[in-house]
Every structure is written in C-alpha cells, then in structure tokens.
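Since the structure comes first, as structure tokens, the remarks are kept for the end.
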Amino acid sequence: METFMQNAANTPGGIGDNRYLKTSEYQVTKVLRTIIRLLEIATKAIFTLVKDVFKGIVGKS
C-alpha cells in the first residue's frame with residue numbers, strides 16, 4: 001500500500017502532481033470566495049440601511 005501511494009504521488013498526473021497543480025487554482029478560488037462574501041455582506045448592509053431609512057420615514061408620519 002505504501003509503495004502504491006508513493007508511485008501515485010510521483011507519477012505525472014498522480015496525487016502529488018494534482019496537489020501542486022491545483023494550488024494556484026485553489027488560491028484564485030479562495031480570493032473569489034472572499035470577494036463574493038464581502039459583496040454579500042455589503043449588499044445585506046445596504047439593504048438593511050435602506051429598509052431602516054424607509055421605516056424611519058414611514059413610521060414617523
């Protein structure tokens with residue numbers, strides 16, 4: 001079993017190869033997820049602000 005894992009890790013397209021090839025893709029995915037999360041938080045904050053302002057305008061009359 002150990003030799004199989006070593007061979008798989010050392011062959012082109014094997015486990016080890018995939019790990020190193022995907023690191024840049026993983027970093028890009030991580031950055032995109034962070035950007036999407038920040039946009040989601042900002043959008044929720046803007047909607048909450050608009051909703052509260054609208055409630056304030058309507059509720060005072």
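- For the atom pair CD1 of Ile57 and CG of Asp52, the computed distance is 11.0 Å after rounding to the nearest 0.5 Å.
- How far NZ of Lys51 is from CG of Leu49: 11.0 Å, rounded to the nearest 0.5 Å.
- When the options Leu32, Leu38, Val31 are evaluated for a side chain to side chain contact (heavy atoms under 4.5 Å, CB included) with Thr34, the one that passes is Leu38.
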